[in-house]
Amino acid sequence: MLMAIRLLEGTYPSELAALLGVRLYTVQSILTSLEREAVIASRLMGRTRMVSLNPRYFAHAELSALLWKLGENDATLQSKLAARRRRPRRAGKPGLL
C-alpha cells in the first residue's frame with residue numbers, strides 16, 4: 001500500500017482498494033493506522049480523503065527513496081497504475097453495471 005501511495009504521490013482510499021484488489025474497509029483501517037503513526041498524511045478535498053506520504057515523517061526521504069526503488073521493479077503494480085482512472089467519479093453518476 002505504501003508503494004502505491006508513493007508512486008501515485010497522492011491518492012484516495014477507493015482508488016487504492018481498486019488498485020490493490022482489497023476491500024475499501026481494509027484500506028481505510030490500514031490508512032488510519034499509518035496516519036496514527038505519522039507515516040502518511042491525509043487531507044479532505046471536498047468529500048474525498050486524499051492521502052500521501054507525510055513530508056514531516058522523520059525518515060521521509062529514506063522511506064520515499066526505498067518505496068520508489070521497490071515500485072520501479074514491480075511490473076504488476078506498474079501495469080495497474082498505467083491503466084487507472086486518476087480522479088473519483090462524480091457523486092450520483094450511474095455505475096457501469
Side-chain angles (χ1 to χ4, degrees):
M1 187 165 306
L2 284 173
M3 230 181 343
I5 292 170
R6 170 57 179 104
L7 292 174
L8 293 169
E9 295 186 5
T11 186
Y12 46 94
S14 59
E15 181 180 39
L16 285 172
L19 185 70
L20 301 173
V22 296
R23 294 181 326 164
L24 180 59
Y25 176 77
T26 304
V27 170
Q28 290 170 334
S29 64
I30 292 170
L31 291 177
T32 300
S33 297
L34 289 171
E35 191 168 17
R36 192 177 316 118
E37 298 297 324
V39 176
I40 64 166
S42 69
R43 66 190 181 285
L44 285 177
M45 292 185 70
R47 290 179 29 175
T48 305
R49 178 181 170 208
M50 298 295 292
V51 295
S52 59
L53 291 179
N54 186 355
R56 295 181 182 172
Y57 185 61
F58 75 95
H60 172 74
E62 295 86 356
L63 179 62
S64 181
L66 174 64
L67 293 171
W68 185 262
K69 187 66 124 178
L70 291 172
E72 283 182 329
N73 296 321
D74 190 342
T76 306
L77 183 59
Q78 289 291 336
S79 65
K80 287 180 179 180
L81 289 173
R84 77 190 186 285
R85 178 179 170 89
R86 261 321 283 161
R87 58 189 173 89
R89 293 179 65 85
R90 183 185 57 176
K93 189 170 182 177
L96 300 173
L97 299 175

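The structure displayed is predicted, hence computed values, not measured ones.
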Establish whether [X] and [Y] are linked, either directly or via other cluster members, by ILVMFWY side-chain heavy-atom contacts under 4.5 Å.
| X | Y | value |
| --- | --- | --- |
| L20 | L70 | yes |
| L16 | V22 | yes |
| M1 | Y25 | no |

[atom1]-[atom2] distance between [X] and [Y], expressed to the nearest 0.5 angstrom:
| X | Y | atom1 | atom2 | answer |
| --- | --- | --- | --- | --- |
| L8 | M3 | CG | CE | 11.5 Å |
| D74 | K69 | CG | NZ | 14.5 Å |
| M50 | L44 | CE | CG | 11.0 Å |
| L2 | L67 | CG | CG | 5.5 Å |

So do the side chains of W68 and L7 get within less than 4.5 Å of each other, counting heavy atoms only?
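With C-beta onward as the side chain, the pair touches.
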Quick one, I5 and L31 - any side-chain contact, counting heavy atoms below 4.5 Å?
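Side-chain contact under 4.5 Å: yes.
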Salt bridge (Lys or Arg N to Asp or Glu O under 4.0 Å) partners of E72, counting only residues at least two apart
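Result, salt bridge (Lys or Arg N to Asp or Glu O under 4.0 Å) vs E72: none returned.
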How far apart are the closest heavy atoms of L19 and A4, and which atoms are they?
CD2-CB, 3.9 Å
Using the side-chain hydrogen bond (donor to acceptor under 3.5 Å, both in side chains) rule, collect all pairs that involve residues 51-61, keeping only residues at least two apart or in two chains.
none
Which pairs count as side-chain hydrogen bond (donor to acceptor under 3.5 Å, both in side chains) when at least one residue sits in residues 26-35, sequence neighbours excluded?
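Sorted pair list: E35-S42, E35-R49.
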Determine the sole option in L63, L66, L53 for which the side-chain contact (heavy atoms from CB on, under 4.5 Å) test with R6 is passed.
L53
